[in-house]
Structure formats: C-alpha cells, structure tokens
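Written out below as structure tokens is the structure these notes cover.
Naming: A, B, ... by sequence-line order, numbering from 1 per chain.
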Number of protein chains: 2
Amino acid sequence: MMHDEVVSRLRHVLTEGEIPPGARIPERELCASFAISRTPLREALKVLAAEGLVVLLPNRGSRAAKLTRKDVKELFEVCEALEAAAGELACPRISDAQLREIAELQAGMVEHYRAQDLLSYYRCNRLIHEAIVRAADNAVLAGFYESIAARIRRARFITPMSPEHWALAIQEHEGILNALQRRDAGGLAHILRNHLRRKREEVVRAGFAEGE
Amino acid sequence: MMHDEVVSRLRHVLTEGEIPPGARIPERELCASFAISRTPLREALKVLAAEGLVVLLPNRGSRAAKLTRKDVKELFEVCEALEAAAGELACPRISDAQLREIAELQAGMVEHYRAQDLLSYYRCNRLIHEAIVRAADNAVLAGFYESIAARIRRARFITPMSPEHWALAIQEHEGILNALQRRDAGGLAHILRNHLRRKREEVVRAGFAEGE
DNA sequence: CGGATCATTTTTGCATTCAAAATGGTTCCA
DNA sequence: TGGAACCATTTTGAATGCAAAAATGATCCG
C-alpha cells in the first residue's frame, strides 16, 4: 500500500470512522487492519498530527484530536476566509458544466430540505461547498480547505439546525448560486462569509466542544 | 532529538539552507548531520511532503520542491486571503504593545529603505507581516501562513524590486500601520490584499519559476 | 567508437528488533 | 485495610536488517 493511501485511510478512520475524538489510537490494531507494519503507520500519524487531526503525546502514544471551543472558533474564522477567497476566484473561472453541477446539487438540496432529511441535506451542502472550492482551480487552497474541513466536519455537519436557520441557509444558498451565475465575485464572497459566520454562531450556540 | 525538532531543522535546511529547489535530498548525509537514523528523518520528510516543501518520488527518493509559475500564482492567491483575514482579525485584537512593536519595525524598515539595504528591508518586512498574523491570535491561521510563507519565501523575499515598486511598498506599509492604529479592519484587509497582489505581479513579471 | 545489455552496487521502503519508558498488578508493611 | 514500593508486561520511539527497485558501470557487439 502506498504512503498517501495509508494517510487517507487513517484520515477516514479518524473523521468519518470508528475512532472518536480523544480516543487512543490503537497502533497495533490499525497495523493489522491495514496489513502494514508500524513504520508506515507511524509516518502517517506524524502527517496527520501536523494537520491537527492527531495529537502525539511523547512516550504515551497518539490520540484523535478533540476540538476545543477555541479550535472551533479558529477553524471557522479561517474557513470563512478560504471559502470567500474560493468564491471570488471561482467566479471568473467556473465552467458552465460546473455551474450546472452546482445548480443540480442545489435542487437536490432543496428537495432534501423539503423532506426534512438532514443527513442528505448536509451531504448536498458539503458537495456544493466543495464544488465551489474546486471551481476556484487552486490546489493550495483546495488542500487547506480539505484539511480544515476534515477537522471541522463534525461541528459543521452534525450540529442540528433550528428550523429558522435551516430556512435561512436555503435562502443563502440561492444567493450563492445566483451570485455564481452572475459571476459576482464580491457579492459571492460576502454571502459565503455571512453563511459561514451564521453557521459558526449556530455551532457555538449549540455549545459544541469535544473537550478542552 | 524530538520529532518536531527534526521537522523544523529539515524545513530550515530546505528553505533557508543548503539544499536548492529540485535537488535530491541526501537522506544518508542528513541522518549523519542530525545524528539520527533513517526512520525519524523519513517521518519528517513525509510531513514536509504533505506541506509541499518536498516531493516524494516512489522508489526514487525525495527532492526539494520546485515552484512552478502556477504554484507561485496559487500560493500568492491564498496568501492574499490569509493576510487579509489576519488583518481583519488583528484589528480588534491587537494589543498596544504589539502595535508599538510593529510601529518600531516599520520605522526600522524605512531606515533600511533609505539606506537601500534590500536584505534588511525584507527582514523587517517579513517580521511586520508575521507580527500582524500573530496579532490575529489564531493558531490555525498562523500555521497555514507559516506553511505558505515557507514555500513562497524565495519568490517573495528575494525577487529584486524596482525603485517605483519599492517606494510604493513603503507607502502601502504606512497605510497598513495607519489602518491598524485606527483599527480599520476593512481598510486594512483591502490594503494588504493590494499590497500582496502588487508583489505577486512583480514576482510574476520577474518571471520567477524554479521549474515546471 | 557508440550504444545496448547485463552484473554489481546503492538506495529505497518496510518489517523487525531493541532499549527505554510507561502501565498494571502484586506484595509488603504500617 | 490502605497505600507505597517493587517487578513483570506492554507500549513507544528509534536503529537495524532485509528484500525489491533503481542507478551505476563494465562488457560486448555492430
């Protein structure tokens, strides 16, 4: 198995998967489940530690990182800046096909909203934001965004939404699509910023924190 | 020696130091010079590869990354967004002591400009930008900024400046300090963005690229 | 003489090993 | 009985060993 594959599999285990924040990372077990030795696994652990997904305790192993309130605040602040930048860059660069893709995702998302299917809604939502970042056509930005998104995902896409916020979010997304179609970079950046800021407030209000 | 220390020593060797972009990274030699074995060195290499400073060629070792024109463009785009965000966040958060520090750096920078001492000028310049990021009090942002800055440093702080650009940069820095003092977040973000954009144009015009 | 081919050496990536540190459990004594 | 001290076990971090791949360079043939 290739190095990058180990990293992304481990990332998956930590973000989507079986190891909850704060839990000890069972080196031995993961080696067995990935069918590799400790050396490449430990290399991957160091990479994810640099990303902030893993904390290494000297001589005491590694644990899945827990998000503190401050982490959430910082991650949202940077996420705001990155998504706004992505929006601005995407406007002049996005292709018609990409626009169509986002419009379709948006339609699907509205459907899921109508059906009050939060999980599917969040999936569409996430895909839209990722599509905008992709449309910005900037690998560095995409890499940072992916790294932030991986850390913040639980806070961002799991926190339940109030009906009012949900309705507002839908409205904002209409605005996002509209600004993209009009290639209104400044407007899009502004909407994205507000969109994220509101989400952050909701998350903070929900008191999200995995530990200090 | 601790893991993080190996990473930062290696980063130093790659950015400030002896290994030019594109050059092969002599694993064996570095092990000897750091007095460690290959295992911890290779862990550090993977971390820096994830950061983009090192490219790993499967079965063919690692090399110091070269900046392509596209890399430079992308790095500047993200750097713009991050510095602007840092400025906005710094305005309400910066302490008087930090403001004084920046004012002093600025004064020193102007001195170096008068003396036409480009190297010292760049050093002050860099310290100012780093101080602003520090004043934003956001560890995630600071980490990303450091990572970007490490990669872009050669392009940003080595490209020679035209007399006109240099004079303009000094003026812009006055504006930066002024906006900080007035806590004008929006204004500061705007100036920082233009400042970086101009620098980027200069770098692009100088045709900076270490290879494709 | 130039270029292809194959043996030799070096390098790479990973598994294993080893010493040091932490953990857990048992014993011993107040 | 409670708790400190001690020892066995496990886990960690790093060095070493090993097989496979790549680089080197010596030889051979046109």
Side-chain angles (χ1 to χ4, degrees), chain A residues 1-15 17-66 143 151 210-212, chain B residues 1-15 17-66 143 151 210-212:
Chain A
M1 191 181 346
M2 185 118 163
H3 165 73
D4 285 355
E5 202 189 331
V6 178
V7 173
S8 60
R9 282 234 270 167
L10 183 56
R11 200 202 318 268
H12 184 82
V13 168
L14 289 168
T15 55
E18 300 82 72
I19 299 177
R24 207 142 192 305
I25 294 173
E27 217 172 84
R28 194 158 269 296
E29 273 178 48
L30 285 173
C31 287
S33 100
F34 291 178
I36 55 175
S37 78
R38 285 177 58 220
T39 308
L41 183 77
R42 289 171 54 77
E43 287 172 354
L45 281 170
K46 308 272 178 176
V47 170
L48 294 184
E51 269 184 38
L53 269 177
V54 166
V55 273
L56 303 172
L57 303 107
N59 289 317
R60 308 187 54 202
S62 42
R63 312 186 84 92
K66 289 196 282 191
R151 289 183 64 189
E210 294 169 336
E212 312 294 282
Chain B
M1 194 183 342
M2 186 123 160
H3 165 73
D4 286 353
E5 203 190 330
V6 179
V7 173
S8 60
R9 282 233 269 167
L10 183 55
R11 199 202 319 266
H12 184 83
V13 168
L14 288 167
T15 54
E18 301 81 74
I19 300 177
R24 211 147 187 302
I25 294 174
E27 216 173 85
R28 195 157 269 296
E29 272 178 50
L30 286 173
C31 286
S33 101
F34 292 178
I36 55 175
S37 76
R38 286 177 57 219
T39 308
L41 184 77
R42 288 170 56 77
E43 286 172 355
L45 281 171
K46 307 274 179 176
V47 170
L48 294 183
E51 269 183 36
L53 270 177
V54 167
V55 274
L56 302 172
L57 304 108
N59 289 318
R60 308 189 52 202
S62 42
R63 311 186 85 92
K66 287 195 282 191
R151 289 183 64 188
E210 294 168 338
E212 312 295 282

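- For A/Arg42, a side-chain nitrogen or oxygen approaches OP1 or OP2 of D/dG13 to under 4.0 Å.
- The structure places OG of A/Ser8 at 9.5 Å from NE2 of A/His3, a figure rounded to the nearest 0.5 Å.
- With values rounded to the nearest 0.5 angstrom, A/Arg60 atom CZ is found 8.5 Å from A/Arg24 atom CZ.
- The CD atom of A/Glu27 sits 14 Å away from the C1' atom of C/dA22 (whole-angstrom rounding).
- Of all nucleotides listed (C/dA15, D/dA15, C/dG13), C/dG13 comes nearest to the side chain of B/Asn59.
- Expressed to the nearest 0.5 Å, how far CZ of A/Arg42 lies from CG of A/Leu45 amounts to 7.5 Å.
- Taking atom CD of residue B/Glu5 and atom P of nucleotide D/dG13, one finds them 16 Å apart after rounding to whole Å.
- Phosphate proximity of D/dT12 to A/Arg24: present, with a side-chain N or O under 4.0 Å from OP1 or OP2.
- At C/dT12, none of the side-chain N or O atoms of B/Arg28 fall inside 4.0 Å of OP1 or OP2 (strictly under the cut-off).
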Apply the test side chain to side chain contact (heavy atoms under 4.5 Å, CB included) to residues B/Asp4 and A/Leu56: give CA-CA distance (whole Å), side-chain angles for both, the deciding distance (0.1 Å), then the verdict.
CA-CA 10 Å; B/Asp4 286 353; A/Leu56 303 172; 5.8 Å; no
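- Distance A/His3 NE2 to C/dG13 C1': 12 Å, rounded to the nearest Å.
- With distances taken from any side-chain atom of A/Arg38 to the nucleotides C/dT11, D/dA23, C/dT17, the minimum falls on C/dT17.
- Between B/Leu41 atom CG and C/dT12 atom P the separation is 11 Å, expressed in whole Å.
- Between the C1' atom of D/dA15 and the CG atom of B/Leu30 lies a distance of 17 Å, rounded to the nearest Å.
- Within the 4.5 Å cutoff, no side-chain heavy atoms of B/Arg9 are placed close to those of B/Val13.
- Atom CG in A/Leu56 sits about 11 Å away from atom C1' in D/dG13, given to the nearest Å.
- Across the protein-nucleic acid pair, B/Phe34 atom CZ and D/dA14 atom P stand 14 Å apart, rounded to whole Å.
- In this structure, the CD1 atom of A/Ile36 is 11 Å from the C1' atom of C/dA15, given to the nearest Å.
- Between B/Thr39 and D/dA14 there is no side-chain polar atom (N or O) within less than 4.0 angstrom of OP1 or OP2.
- Residue B/Met2 is out of contact with every strand shown, counting any heavy-atom pair closer than 4.0 Å.
- Toward the 5' end of DNA chain C, the nearer of the two residues A/Arg60 and A/Pro40, judged by each one's closest nucleotide, is A/Pro40.
- At a threshold of 4.0 angstrom between heavy atoms, the contacts of A/Leu57 are confined to the sugar-phosphate backbone, with no base atom among them.
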